Amino acid sequence: MSNIIEISDFQAPELDVYARLSEGQLLNRHEPGKGMFIAESPRVIERALDAGCVPVSCLVERKHIEGEAREIIQRCGNIPVYTAEFEVLTQLTGFKLTRGMLCAMHRPPLPDVREICRAAKRIAILENVVNPTNVGAIFRSAAALGMDAVLLTLESSNPLYRRAIRVSMGTVFQIPWTFFKKNTWPEEGIRLLKELGFRTAALALREDSIGIDDQKLCSEEKLAVILGTEGDGLASSTIADCDYTVRIPMSHGVDSLNVAAASAVAFWELGRRISG
């Protein structure tokens, strides 16, 4: 049974999660068990529910309650569903709602790296990728182009930031992911990957790099593709510890691609030719 609540007070504390809390406050690093995230649009919310995420409340444009949001609201049980007309919600949140619906959800506990890698053959590793738009785009490419999981360093943007979720189209709920523990990357992290049977490929602009289509890469049974931060790329120590240094051939004087675009090329080339 839905609990539909008409918004009458913009300052109601129940609406803080949508209107006033920062991403850092939602993350709640001091008490991770109380952390939340915001999913936008019925499609993305549906993917989060399918992944087992637990809803706290919804914010829905009134016309969508019996429209696109109806089935999602029914799946969410008796949580508060705050509603108003489009103009009111835009004034409250400061932006147009994507497909007329937001949902606040509890952050699920993250698995450890070993669990993520256990059944994987192709994984992507993000080293200090700080832009949530890039993180979201990389997740969408990873899910679509043959990656089995994503691992991130702690300095990377959180995949459950609102913009990352939106750009990923909810694929952050479909592909397994987790963070490396503090001070374990790159030395311990790469050592663990090798222990788990992975060869490591650093995507970097080096003279001694091999091409992304090199047969040695394609023949690897288990491969971790490592992508670096925007601008500076991968740390030299990371590259030195990897089995391969890989580059994407460029033309017309272009020296490199944005990390999200580079990830799509790499995932397509390496994910489609997995050894038997």
Side-chain angles (χ1 to χ4, degrees), residues 37 39-41 43-44 46-48 50-51 98 110 113 116-117 119-153 155-180 193 198-205 209-214 217-218 220 222-234 238 242 244-251 254-275:
F37 67 89
E40 301 181 38
S41 85
R43 171 67 65 83
V44 171
E46 181 179 32
R47 287 177 172 171
D50 289 344
T98 305
L110 292 178
V113 172
I116 286 288
C117 294
K121 288 190 174 182
R122 292 289 186 268
I123 60 174
I125 297 174
L126 310 189
E127 181 183 271
N128 305 349
V129 178
V130 299
N131 188 313
T133 297
N134 284 335
V135 170
I138 291 169
F139 264 83
R140 190 172 183 181
S141 294
L145 300 174
M147 295 295 108
D148 299 312
V150 178
L151 303 175
L152 306 95
T153 62
E155 292 76 11
S156 294
S157 181
N158 195 290
L160 293 186
Y161 281 171
R162 183 182 297 186
R163 185 164 183 79
I165 295 172
R166 182 168 67 247
V167 172
S168 81
M169 288 298 293
T171 54
V172 294
F173 306 114
Q174 295 179 306
I175 186 167
W177 63 272
T178 197
F179 285 98
F180 285 102
L193 290 170
F198 284 90
R199 300 279 278 177
T200 49
L203 211 61
L205 299 173
S209 301
I210 62 173
I212 193 70
D213 59 348
D214 192 287
L217 288 173
C218 298
E220 293 290 358
K222 301 175 76 172
L223 187 68
V225 184
I226 307 173
L227 301 115
T229 183
E230 299 87 350
D232 293 334
L234 289 171
T238 301
C242 286
Y244 300 104
T245 306
V246 183
R247 70 184 300 158
I248 298 170
M250 298 285 130
S251 62
V254 177
D255 60 354
S256 65
L257 295 173
N258 164 275
V259 64
S263 74
V265 174
F267 298 164
W268 163 251
E269 186 64 43
L270 300 175
R272 68 194 179 99
R273 287 193 269 181
I274 299 175
S275 174

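Treat the numbers as computed from the prediction; the structure is a model and nothing was measured.
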I need the S168 OG to F173 CZ distance, nearest 0.5 Å.
7.0 Å

Identify the two heavy atoms, one from E230 and one from N128, that lie closest to each other, and give their separation to 0.1 Å.
OE1-O, 4.0 Å

With side chain to side chain contact (heavy atoms under 4.5 Å, CB included) as the test, would you mind laying out the steps for T200 and I125 before giving the verdict?
CA-CA 10 Å; T200 49; I125 297 174; 5.7 Å; no

Shortest non-hydrogen pair, A142 vs V150, comes out as CB-CG2, 4.0 Å

Of T153, T229, T238, the one forming a side-chain hydrogen bond (donor to acceptor under 3.5 Å, both in side chains) with E127 is T238

Test side-chain contact (heavy atoms from CB on, under 4.5 Å), reference I165, set V172, T171, V135, output is V172

Applying side chain to side chain contact (heavy atoms under 4.5 Å, CB included) to L270 and V246, what does each step give before you reach the verdict?
CA-CA 11 Å; L270 300 175; V246 183; 5.8 Å; no

Beyond-backbone contact of C117 with I123, side-chain heavy atoms, under 4.5 angstrom:
yes

Note: R122 and L217 closest approach over all heavy atoms is NH2-O, 4.0 Å

How many angstroms lie between atom SG of C218 and atom CD of E269, to the nearest 0.5 angstrom?
5.5 Å

CG-NZ distance between D148 and K222, expressed to the nearest 0.5 angstrom
10.0 Å

Calculate, to the nearest 0.5 Å, the distance between atoms OG1 and CG belonging to T178 and L152 respectively.
8.5 Å

Would you give the length of the straight line joining atom CD1 of I248 to atom OG of S209, rounded to the nearest 0.5 angstrom?
10.5 Å

Between V167 and A137, what is the shortest heavy-atom contact and its length?
CG1-N, 3.5 Å

Do you know which two heavy atoms are closest between F198 and K121, and how far apart they sit?
CE2-O, 3.8 Å

Report the C-alpha separation of L203 and I212 in whole Å, then their side-chain angles, then the decisive distance to 0.1 Å, and conclude whether the side chain to side chain contact (heavy atoms under 4.5 Å, CB included) test is met.
CA-CA 9 Å; L203 211 61; I212 193 70; 4.1 Å; yes

For A143 and I175, which heavy atoms make the closest approach, and how far apart are they?
N-CD1, 4.0 Å

For N131, does its backbone N or O pair with a side-chain atom of S157 as donor and acceptor, under 3.5 Å?
no

R163 and T133: side chain donor to acceptor below 3.5 Å:
yes

Just how far is it from atom CG of L145 to atom CZ of R140, taken to the nearest 0.5 Å?
10.5 Å

Hey, mind stepping through N158 and F179 against side chain to side chain contact (heavy atoms under 4.5 Å, CB included) and telling me if it holds?
CA-CA 9 Å; N158 195 290; F179 285 98; 3.7 Å; yes

Is R47 reaching over with its side chain to a backbone N or O of M169, donor-acceptor style, under 3.5 angstrom?
yes

With distance as the sole test, does S156 use its side chain to make a donor-acceptor pair with the main-chain N or O of L126 at under 3.5 Å?
yes

